[in-house]
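Before any comments, here is the structure.
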Amino acid sequence: IRIELKRQGLTIHTLQNSVMKVERDEQGTLLAVHDPATALDDRIRAESVIYIEIERCATAGGLKKIQNGLAGALAQVRAAVGDFPVMQQRLRDVINMLADGQPGYFDESERAEAMDFLQWLLADHFTFLGYERFAVNQGLAEQRLGVQPEHSLGVLALDQWDDAIGNLPEAVVSYLQQPLLLSFAKASHFSRVHRPAYPDYVSIREVDAQGQVLLEHRFMGLYTSKVYRDSVDRIPYLRRKVEQVRNELGLDPESHLGKELDQTLQVLPRDDLFQMSPDVLRETAMGIVQMQERARIRVFLRRGNYSRFYYCLVFVPRDLYSTDIRLKIQTVLMDRLQASECEFWTYFSESTLTRTQFILRVEPTRDQQEVDHQQIERDVIQACRDWHDDFRDRLEDSLGEAEASIAWANFGNSFPAGYSERFTTASAVVDLRHLLALSENEPLGMSFYQPLTQQQGVLHCKLYHLGEPLPLSDVMPILENL
């Protein structure tokens with residue numbers, strides 16, 4: 001209920017909840033309210049009574065929208081809860097199928113690891129919300145995904161949808177035909193049950209001896225909090241993937257880089273670990289390790305398996321990161337990727353870098369070739385730059401790296417906000433040169449100039465003085481007598 005009210009942008013002022021032991025007749029009419037200590041039986045059941053106060057809604061249309069939204073949310077709750085044991089049993093049936101050696105296309109070790117993972121899901125690591133079954137090979141022959149609605153469970157049984165593949169990109173159709181025992185993805189709509197997030201898909205494919213995908217069992221749900229706390233080496237399927245990455249990179253686990261790699265794999269978002277192929281995971285992990293705590297901005301971008309999402313990891317120096325910086329990055333990503341929605345999670349650690357994960361929803365039909373990953377990273381870096389960054393670059397161009405580093409250490413933070421709002425970085429370099437020229441023998445400097453945008457006949461003057469500021473009362477008489 002809270003999720004639905006928040007989704008509609010409503011503020012909750014008061015929320016009270018109480019579980020009561022009640023008795024009702026066959027028509028649902030309330031007959032009695034019993035003592036809380038009363039035992040439950042066929043007549044007496046526990047009911048949750050919820051009282052909520054929200055901000056005033058003055059229109060009949062607004063009230064109707066709230067009513068329909070709450071009714072829809074509760075319908076999904078009933079569907080998910082009612083079919084929960086059935087969905088678990090359906091997953092056990094899939095595990096038994098794998099134990100019997102089906103599908104025969106996959107070797108024994110891969111089937112064993114998949115069974116371990118599915119058993120792990122059942123051990124309170126996955127909140128089941130829905131289930132669908134697809135006759136992939138048969139459906140694709142008819143230009144459909146092959147969904148079998150009579151097998152749908154949970155929230156996925158509430159809405160029937162068009163499974164025509166006419167608008168799907170060729171890459172998605174090709175992915176559906178790949179002989180993968182396990183595959184992972186995100187659902188395209190926020191969950192209205194349990195917590196407001198994009199649910200996860202866990203799919204198991206039945207493949208014949210020739211490698212053709214016959215059936216796909218797709219379970220939709222949300223990983224429980226345990227999944228995000230456990231070591232990746234204790235999670236079936238992930239443990240095998242990260243071990244493959246470690247072996248391919250060949251780093252000594254006791255070396256500095258080896259430990260950095262292990263830490264990187266442990267703290268990567270679980271969404272990325274489940275969905276990334278070993279090759280993409282290897283490249284991403286090594287790219288993060290090679291940053292070596294350097295204070296630079298990096299962007300790691302990939303598209304989801306069904307082309308509905310872009311997943312982006314952005315690393316920003318901790319002293320630079322702020323809500324304003326995050327909003328600038330989000331604006332760039334949404335604009336360049338033409339995303340309709342964006343969710344983010346920021347991760348802070350003892351590192352000098354802050355990591356933000358962005359999940360951006362896009363149209364699956366957009367061509368992936370149009371996205372220039374390197375240009376997006378350059379755009380993000382540019383969006384995060386401020387006046388001081390441009391000033392330092394100009395300083396190096398003017399003074400050289402060595403002298404500019406000394407000047408920056410002494411004067412880099414000496415320019416107040418009022419100065420940076422009024423003067424360009426080119427002017428700041430000129431002013432800094434004048435300051436560096438001051439000495440005990442030459443404690444005063446002066447600069448007359450006329451800005452390009454200034455009207456004719458008007459000159460500007462700047463005074464540079466070593467030590468204490470000059471009193472205006474001492475300066476004005478001199479200027480008036482020039």
Side-chain angles (χ1 to χ4, degrees), residues 291-299 314-329 331-332 351-354 374-482:
M291 292 174 67
Q292 289 287 294
E293 296 289 304
R294 286 176 289 179
R296 57 177 299 194
I297 296 172
R298 283 298 313 272
V299 176
V314 181
F315 291 84
V316 178
R318 181 196 288 267
D319 57 357
L320 176 63
Y321 185 84
S322 66
T323 299
D324 183 58
I325 289 294
R326 193 264 304 167
L327 289 172
K328 288 180 179 179
I329 296 172
T331 299
V332 170
S351 170
T352 59
L353 299 172
T354 297
Q374 293 182 348
Q375 183 59 49
I376 288 177
E377 183 175 70
R378 289 192 290 267
D379 292 342
V380 167
I381 293 172
Q382 185 60 40
C384 294
R385 291 179 65 86
D386 60 10
W387 186 92
H388 289 84
D389 294 322
D390 294 334
F391 172 52
R392 185 166 188 173
D393 287 350
R394 280 187 175 272
L395 204 58
E396 289 188 2
D397 292 340
S398 177
L399 304 179
E401 183 177 356
E403 190 176 348
S405 297
I406 298 174
W408 176 262
N410 293 326
F411 297 97
N413 296 320
S414 301
F415 295 88
Y419 181 94
S420 61
E421 290 174 2
R422 182 177 179 184
F423 297 103
T424 65
T425 54
S427 296
V429 171
V430 173
D431 290 339
L432 185 54
R433 278 183 169 278
H434 282 289
L435 292 173
L436 293 173
L438 298 178
S439 65
E440 294 292 338
N441 296 327
E442 297 286 342
L444 181 66
M446 183 178 293
S447 172
F448 284 94
Y449 65 99
Q450 185 177 46
L452 296 176
T453 57
Q454 181 65 54
Q455 62 180 346
Q456 294 293 325
V458 178
L459 287 177
H460 290 241
C461 175
K462 289 183 179 179
L463 293 177
Y464 310 92
H465 186 256
L466 185 66
E468 298 295 326
L470 291 174
L472 191 60
S473 59
D474 293 345
V475 174
M476 287 304 297
I478 299 174
L479 294 177
E480 290 172 351
N481 286 285
L482 287 177

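These numbers come from the heavy atoms of this one structure, side chains and all, not from hydrogens, waters or symmetry mates.
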**Request:** Run the numbers on L399 and L436 for side-chain contact (heavy atoms from CB on, under 4.5 Å), then give the verdict.
**Result:** CA-CA 11 Å; L399 304 179; L436 293 173; 4.2 Å; yes
**Message:** Run the side-chain contact (heavy atoms from CB on, under 4.5 Å) test on C384 and K328 for me, step by step, so that the C-alpha distance in whole Å, both residues' side-chain angles and the decisive distance to 0.1 Å come before the verdict.
**Reply:** CA-CA 7 Å; C384 294; K328 288 180 179 179; 5.6 Å; no
**Request:** Could you walk me through whether L438 and H434 pass the side-chain contact (heavy atoms from CB on, under 4.5 Å) test, one step at a time?
**Result:** CA-CA 7 Å; L438 298 178; H434 282 289; over 6 Å; no
**Item:** From CG (L466) to CD (E442), nearest 0.5 Å
**Value:** 11.0 Å
**Prompt:** Looking at OG of S405 and CG of N410, how far apart are the two atoms once the value is rounded to the nearest 0.5 Å?
**Reply:** 11.0 Å
**Message:** Assess the residue pair D393 and R385 against the criterion (side-chain contact (heavy atoms from CB on, under 4.5 Å)); give the C-alpha distance rounded to whole Å, side-chain angles, the decisive distance to 0.1 Å, and a yes or no.
**Reply:** CA-CA 11 Å; D393 287 350; R385 291 179 65 86; 2.4 Å; yes
**Request:** Report the distance from atom CG of L395 to atom CD1 of I406, rounding to the nearest 0.5 Å.
**Result:** 11.0 Å
**Prompt:** Do any N or O atoms from the side chain of E396 and from the backbone of A404 form a donor-acceptor pair under 3.5 angstrom?
**Reply:** no
**Item:** Carboxylate-amine/guanidinium contact R394 D390, below 4.0 Å
**Value:** no
**Prompt:** If you draw a 6.0 Å radius around CD in E440, do more than 12 non-hydrogen atoms from other residues or ligands fall strictly inside?
**Reply:** no
**Message:** As an exercise, state the distance from CD1 of I329 to CG of D379, rounded to the nearest 0.5 Å.
**Reply:** 12.0 Å
**Request:** If the plane angle is over 60° it's perpendicular, under 30° parallel, otherwise tilted; pick one for Y419 and F423.
**Result:** tilted
**Request:** Enter the distance from D319:CG to T354:OG1 here, rounded to the nearest 0.5 Å.
**Result:** 8.5 Å
**Message:** If we ignore hydrogens and angles and just use 3.5 Å, is the side chain of H465 paired with the main-chain N or O of E468 as donor and acceptor?
**Reply:** yes
**Request:** Would you give the length of the straight line joining atom CD of Q382 to atom CG of D389, rounded to the nearest 0.5 angstrom?
**Result:** 9.0 Å
**Request:** Check the angle between the aromatic planes of W387 and F415 and answer parallel, tilted or perpendicular using the 30° and 60° thresholds.
**Result:** tilted
